[in-house]
Engineer: 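Submitted below is the structure of interest, expressed as structure tokens.
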Amino acid sequence: MAGSGELSTYYTTDDALSLVGFGRFQAFVLAYSGLGWVAEAFEIMLLSFVGPAVEAEWGVSGAEQGLISSVIFAGMLIGSVAGGLIADRCGRRTGFLFTAMVTGIFGLLSAFSPNYASLLALRFIVGVGLGAGHVLSTWFIEFVPAAKRGTWMVVFHVSWTVGTVLEALLAWAVMPVLGWRWLLALSSAPCIVLLVFFPLTPESPRYLCSRGRTMDATVILERIARVNKGTLPPGILIYTPEKNVDSNLGTSESPLLLAEDNTGIEEDRSSMTSDVLTFQALWSYDLMRSTFLLCFMYVANYFAYYGVILLTSELSNGRRACASSRTHLMKPNSDNLYRDVLVTSLAEFPGLLLAGLLVDRIGRKTSMGGMLLMCGAFLAPLSVKLEEGLVTTLLFCARTCIMGSFAVLYVYTPELYPASSRNTGVGITSSLGRIGSIVSPLIVVGLLESCRQKEAVIVLDLVLFLAGVTCALFPRETKGCQIQ
């Protein structure tokens, strides 16, 4: 700041976004990025319907059917890291162009798979594209003012639940008449729409600032101001305020989330060196603790999320007495399958609503930890036999809480990392979390197969309890803080 009584000569991206506010421009960004998550939900949820259909048509074994899902998650492990590196090196637009092209093109091609092996290969590549989907959420969050960032990120996550519901309805309409190939083809439609509107999408001004391109970032901020009918602060856009120019900030001003090293944004650095330094930054003294804790949180959330889904399949259909691991895989044309997926997906809406109400009021750490512990509390009574209605109610509430926790986690993660390594951080931590989604069926279904329902619930509760306690160990609360 120039001094007391004078106009500000410098402003940051957060200053500009806070003054302009959330308006029509952010609504467009929300719609576009939300459609990307609808596309991801389509590709994940269709596994519930395609697997049994492929088993019936090609006569594959139960293990081979499960491999169709496993290759998707394996691809996502690779895609999460690759997408993060691409978005941090080449830009957010390039990152979500990668996820839309790979997911859409290979998702459509998989509908024409001539045999089981080709289907596996194509679905693996689809998984690589899906793994980079986190770029869409970090792109959106970088356009949102700090004050309501948590709430709007939860609104963004509604698109995932909308996608699961729409996919269940689409499968219900298409599968009995046209079969699984048409479902695969139609499920790739959202990605095609993303590619059509790609030329209209702007680059993130935060990313441009992190690369030293403040003039380009200013042009985009001016565009945001025009669309929202607002004005930018007077002065010049800077990336990180100098220590000698921020002494006049009011006490109510939110602190910068992280001070970034300007030497890390020099454009003359080679690409390989940049990637290495970006990765090393995640394990620096300031970020190492957060990175380790986030990795565990993602593993725990994925483990619990799919664990609750598996319990729902086994317990809510009246098959609680030592059900076989395959009994929940009903015939592909069974109305019960579509109805079950639809009902359990609807349980996520109240979870997102709960997260939206809490995340900007009591903070990220408290709301996430509280919902994890509540999920464990709802699951605990399932260790004994209960009547059908109570079982369904408890599972519905548990699905609500774990979805709310997931939504807050996706808000919290990008806030902990600087712009220069944000997508890489989100990509690595979320990709390692996929380990939880791979391990969960092996443990939970394995215990249920062995008539050990009580032990399955105890394992889930233990993971949820440890994750809830872990929330208190994070070094900072980011509610209302600026991100740079």
Side-chain angles (χ1 to χ4, degrees), residues 7-39 87 90-97 99-100 133-159 162 190-239 253-254 257 356 359-360 410-411 414-415 419 422-423 480-484:
L7 290 175
S8 168
T9 57
Y10 303 101
Y11 66 89
T12 65
T13 306
D14 260 306
D15 295 330
L17 292 175
S18 296
L19 183 60
V20 172
F22 192 102
R24 291 173 57 192
F25 189 94
Q26 284 87 353
F28 163 75
V29 175
L30 173 62
Y32 186 87
S33 57
L35 181 61
W37 269 51
V38 168
C90 304
R92 309 316 192 216
R93 294 179 79 245
T94 305
F96 59 69
L97 177 62
T99 186
H134 62 82
V135 175
L136 289 157
S137 64
T138 53
W139 177 66
F140 171 66
I141 199 175
E142 291 182 345
F143 285 95
V144 180
K148 294 294 183 181
R149 190 170 57 239
T151 301
W152 281 111
M153 279 300 292
V154 172
V155 173
F156 166 79
H157 281 83
V158 172
S159 58
V162 170
C191 286
I192 305 303
V193 176
L194 286 178
L195 294 175
V196 170
F197 287 96
F198 174 76
L200 301 177
T201 56
E203 183 56 89
S204 164
R206 296 185 192 275
Y207 167 77
L208 293 173
C209 284
S210 74
R211 311 304 289 184
R213 298 166 56 187
T214 54
M215 292 300 294
D216 293 335
T218 301
V219 172
I220 294 178
L221 290 173
E222 289 173 347
R223 178 182 168 191
I224 296 174
R226 286 195 306 272
V227 174
N228 289 0
K229 301 186 185 310
T231 57
L232 295 179
I236 301 172
L237 175 65
I238 60 173
Y239 178 42
E253 180 73 11
S254 296
L257 201 62
V359 66
D360 280 327
Y410 269 101
V411 173
E415 293 179 332
R422 181 165 297 137
N423 277 280
C481 294
Q482 294 186 8
I483 57 173
Q484 287 294 331

Engineer: Which residues pass the side chain to side chain donor-acceptor pair (under 3.5 Å) test with T218, sequence neighbours left out?
Structural biologist: none
Engineer: Within this structure, what is the CZ-OG1 distance for the pair R92 and T201, rounded to the nearest 0.5 Å?
Structural biologist: 13.5 Å
Engineer: Do any N or O atoms from the side chain of W37 and from the backbone of G133 form a donor-acceptor pair under 3.5 angstrom?
Structural biologist: yes
Engineer: Less than 4.5 Å apart, side chain to side chain, heavy atoms only: is that true for L195 and L97?
Structural biologist: yes
Engineer: I192: what forms a side chain to side chain contact (heavy atoms under 4.5 Å, CB included) with it, not counting sequence neighbours?
Structural biologist: none
Engineer: Got a sec, which residues hit side chain to side chain contact (heavy atoms under 4.5 Å, CB included) with L208, two or more places apart in sequence or on another chain?
Structural biologist: E203, R213, D216, A217, I220
Engineer: Tell me every residue that passes side chain to side chain donor-acceptor pair (under 3.5 Å) with T99, counting only those two or more places apart in sequence or in another chain.
Structural biologist: none
Engineer: Once side chain to side chain contact (heavy atoms under 4.5 Å, CB included) is applied, do any residues pair with V193, and if so which ones, sequence neighbours excluded?
Structural biologist: L35, F197
Engineer: Minimum heavy-atom separation for L136 to G36, with atom names?
Structural biologist: CD1-CA, 3.5 Å
Engineer: Looking at residues at least two apart in the chain, or sitting in another chain, which of them share a side chain to side chain contact (heavy atoms under 4.5 Å, CB included) with V29?
Structural biologist: F25, W139, F140, F143
Engineer: Backbone N or O of E142 within a donor-acceptor pair of the R206 side chain at under 3.5 Å?
Structural biologist: yes
Engineer: Sequence neighbours excluded, which residues qualify as ring-ring contact (aromatic ring centres under 6.0 Å, His included) partners of F198?
Structural biologist: F96
